[in-house]
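Have a look at the structure below, then the notes.
Residue numbers begin at 1 in each chain, while the letters A, B, ... track the order of the sequences.
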Protein chains: 2
Amino acid sequence: MVSIKDVAKDAGVSPQTVSNCINNPSIVKPATRKLVEASIERLNYTPNASARRLRTQRSNTIGIGIAPVSYSQVYDRFLHALVTEADANGIRVILYKTDSQQDEIRQFDALRARGDVDSFVLTDTTHDDPRLAWLHEHHQPFVLFGRPWGADDMNDPATPWVDVDGHYGIAEMTQHLILHGRKHIGFIGWPGVSGTGMDRYAGWRDAMLGARMAGPDELEQLYEEAKNDILSGQTACIALLDRRPDLDAIVCVSDTLAIGAATVLPSDTDIIITGFDDTVSARSMGLSSIAQPLIESARHIVRITQEQFVAPAAGRAGNGTGGATGSGGTSVNRKPDAIVSAPPTDDRHVLLKPTLVIR
Amino acid sequence: MVSIKDVAKDAGVSPQTVSNCINNPSIVKPATRKLVEASIERLNYTPNASARRLRTQRSNTIGIGIAPVSYSQVYDRFLHALVTEADANGIRVILYKTDSQQDEIRQFDALRARGDVDSFVLTDTTHDDPRLAWLHEHHQPFVLFGRPWGADDMNDPATPWVDVDGHYGIAEMTQHLILHGRKHIGFIGWPGVSGTGMDRYAGWRDAMLGARMAGPDELEQLYEEAKNDILSGQTACIALLDRRPDLDAIVCVSDTLAIGAATVLPSDTDIIITGFDDTVSARSMGLSSIAQPLIESARHIVRITQEQFVAPAAGRAGNGTGGATGSGGTSVNRKPDAIVSAPPTDDRHVLLKPTLVIR
DNA sequence: CTGTTAGCGCATTCAC
DNA sequence: GTGAATGCGCTAACAG
C-alpha cells in the first residue's frame, strides 16, 4: 500500500504538504501542488480510510437497514440512489440488518460504539417509534426516509426527514383521470392506519370531492382495502366491480395491487387501472403509475446528513473550505430551494413531488 | 468515546491486558480477565473499528454491489441474509453502486485503495467477465454468488463461488408434476444465453426426457421464451396454450413469468403453473415455486471470505485462536461437509440445492 | 507557504 | 502472565 509518505518522498515535499493538497488545496502554492498531484497520480495514491477516520473521528459513512422482507418494491432502487449520491460526496454506505425495531436499535448501538457510522437512514417509521427515542436519547444523527407519522415532532429540527408526497401524487393521478373523462373512479388502498396508506387514500378522496365526482357518502362504495399482494388486488378489484359495475377507472395505492386489479379485468374492458411506484411490472403491463423521485430523495438525505456535522442545528453552511472529497464526486454546490418542490421547505424537512407516468 | 485506556484504568491493569482479553483471552489469567470483562461491561466499551483496522490492516468488511435496477426479486432478501451472516461473524457489509461492469471495477479500485474492504461479493457474472480479470490481476479476494458461466475457471480455486442448483430445482419440480399425473408439461424460459437460464431450462428438458414424457423433437413445441416481466409471461403462456391446448402444467423459469402465465389462464382451468424464487407474489397467488437457500448461500460466502485470509489458497483452517469476534456472533464451528448438499464439494465451490415449495 | 511534532485507538513486538 | 514501548496512516497544531 502506498502511503502519504511515499508520495511526499516522490514529490520531494513533506507528508504534511501532501495532506494539505488533498484536504486544503487552497493553502498550498500552485507549483508544489501540481508537483504533488503528479506524484499522487503516478503512484496511484489513495488516502487510507481507516487512518483518516481514526484521526478525524468521523467515519464519513452512513448506515441503512435491510429488512428480512423488503418494505417495498422500490427499496433496492432507493438503495442504489442513496449509494450513488453518497458516493458523489465521498461517503460510504454500510448495510445492517433490521429484523425488528429492537434489533435495529442494537445495530445502532454497535455501529455507533465502534465508530463505524456517522449517521443513520431510517425507513418505515411507526407511531411512537422506539428507534427515534433511542436516537434522540443518544444524540445520534439520523435522517428519516418517510415522515414520522403520528409523531409530534414532524417539524422538529432534531427529526429530519425526506419524503415523497403521496397525497399529491394520487390526487394528480385522479385529476388526470377526471380530466380525461373518467367519471366513476374507485380506489384500492391498504388496510390499517399506515401513514403512507392514509395519505395516499386522502389524495384520491380529496381529488374526488374537490371535483365533485362523488359525495362523501358515495366514497365508501368506491373504496376497497387489500393487503399488498397480487391476489388481494384481484379480489378487491372484483369486489369493487361487483358493487359498482359502472366504474371506469381504479386508482391503486401500489403497483402490486394495480397488477392484481388489471389481471382480473375482462379482456374487452375500458377500465383504467393505475398504480404507484412505477415498477418494472407496471411498465410491462402498460399501467400508468406514479414515480417517486428517489435520486432527489437520496440527494437530500445525504445533504442533511452532511449538514448535521458542519452545522449541528442551524441552517445552511457555506461551501467554505471544508469539503474533503478526495477523488471523484460531482460538485456539491446545490441550491436546495430549487430542488425542494413542496412545502415544508425548511431544509431539514423535505417533501418531494412524485411524477405521473401515463401509459 | 470510551477507549481501551479507560477500561485499563478502571480495571487497574495496563491497556495491553485489556487488548489481550479481547483478542486473545486464553493467555490472560482468569481472575484478571473477569476483572477486565466487568469493566468492559460497566463502561460499555467497544473497540474502535478504525483503530483496529489501521493496526491490523484488515477491514473485516465485505463489499457488495447494488445495480440501478435489481438483478432479481430476491436480491434484497439475499442482502439481508448476507448481512445477517456477516454480522454473526463480526463482519460489516458495505454497499457500492454498479451501474455497469466498468463502473463496478472503478468501485473495486476505490474501495480497495482506501482499505475499506477485504473482499467483494459479485453477482451476475457474465462470459469473459472483465471484473474477474481485474480482481485476479490485482489479487483482490472475492466470492461469486452464482457460477462463472462460460469461464474456464469454474473449478479454479482462485475463483470461489457459491450457487444454487437451478437445474436440480427445475428438474425436481418437473418430476414432482409428473409424479402427480401431469403428462404435458411446458416450459417458459428466458431468451439468450444466460447461464442461469440455460441451466434451469436443462433441468426441465432432462426431467422430461428422463421420464420419457416427450421426445427430443417435441420439446421445442413445449417451450416458449419470454423476457422477465409479467406481460411477457402472459404472452408466452397464451402462445404455448395456443400451440399445445393439451398442456396440463407449465414450469416457469421465474415467479414473474409464472404470475404472467397464471393470470391468463381460463378461470376453470386445471393447469398448474410453477415459478422460481418463492416470492411474496407467487405465494399470494398460490403458485408452487422453488426456494433458494439464501441464508446457507450467505453463510458459505462469508465462510469462504474468512478463509481467504487465514489460508490464502489451501484447504480448511483450524478454528485456532484467531477468531476476533468481539461481541455477539454465533459459534463459528461449522461442518461445511454437512452443509454442502451437492457436488462440487471442494470448499471453495459450493452448489446448494433449492427446495420445492408446493402449493 | 512548508516542515516538524504529536496523537487518534489499537495490537504486536519485546522485557519483566 | 503482565506492563512498557513502537507504529499502522493520517491530520491538526504549531514552528520555521
Would you indicate what B/Ile4 reaches in the nucleic acid, counting non-hydrogen atoms under 4.0 angstrom: base, sugar-phosphate, or nothing?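 Here B/Ile4 touches the backbone only, sparing every base.
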
Could you tell me the separation between the [atom1] atom of [X] and the [atom2] atom of [N], rounded to a whole number of Å?
X       : N      : atom1 : atom2 : answer
B/Arg53 : D/dC10 : CZ    : P     : 15 Å
B/Lys29 : D/dG1  : NZ    : P     : 8 Å
B/Leu54 : D/dT11 : CG    : P     : 12 Å
A/Ile27 : D/dA12 : CD1   : C1'   : 11 Å
A/Gln16 : D/dG16 : CD    : P     : 16 Å
B/Asn23 : C/dT12 : CG    : C1'   : 10 Å
A/Asp6  : D/dG9  : CG    : P     : 9 Å
B/Arg52 : D/dG9  : CZ    : P     : 18 Å

State yes or no: are the ring centers of B/His80 and B/Tyr75 separated by less than 6.0 Å?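 No, the ring centres sit 6.0 Å or more apart.
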
Between A/Asp116 and B/Arg53 (salt bridge meaning N to carboxylate O under 4.0 Å), is one present in this structure?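 Yes, this pair counts.
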
Give a yes/no answer on whether the side chain of [X] brings an N or O atom under 4.0 Å of OP1 or OP2 in [N].
X       : N      : value
A/Ser19 : D/dT11 : yes
B/Thr17 : D/dG3  : yes
B/Arg55 : D/dG7  : no
B/Thr32 : D/dT2  : yes
A/Gln57 : D/dT11 : no
B/Asn48 : C/dC10 : no

Let me check something: any side-chain donor-acceptor pairs from residues 102-113 of chain B under 3.5 Å, sequence neighbours excluded? List them with distances.
| from | atom 1 | to | atom 2 | distance (Å) |
| --- | --- | --- | --- | --- |
| B/Asp103 | OD1 | B/Lys97 | NZ | 3.4 |
| B/Asp103 | OD1 | B/Arg106 | NH2 | 3.4 |
| B/Asp103 | OD2 | B/Lys97 | NZ | 3.2 |
| B/Asp103 | OD2 | B/Asp99 | N | 2.8 |
| B/Glu104 | OE1 | B/Arg131 | NH1 | 2.8 |
| B/Glu104 | OE2 | B/Tyr96 | OH | 2.8 |
| B/Arg112 | NH1 | B/His138 | O | 3.1 |

Which residue lies more 5' along DNA chain D, comparing B/Ala51 with B/Val28 via nearest heavy atoms: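 The residue closer to the strand's 5' end, by nearest nucleotide, is B/Val28.
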
Residue B/Ile295 excluded, over 12 heavy atoms near CD1 under 6.0 Å: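 No, the 6.0 Å shell around CD1 holds no more than 12 heavy atoms from other groups.
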
Donor-acceptor contact below 3.5 Å, side chain A/Asn24 vs main chain A/Ile27: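 Absent.
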
Show me the dot-bracket string of DNA chain C, counting Watson-Crick or G-U pairs under 3.5 Å, with | for pairs to another strand and [ ] for crossing ones. |.||||||||||||||

From CG (A/Asn89) to OG1 (A/Thr84), nearest 0.5 Å: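 Those atoms lie 11.5 Å apart.
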
Evaluate the criterion side chain to side chain contact (heavy atoms under 4.5 Å, CB included) for residue pair B/Asn44 and B/Val2; output intermediate values, then yes/no. CA-CA 8 Å; B/Asn44 194 23; B/Val2 37; 5.8 Å; no

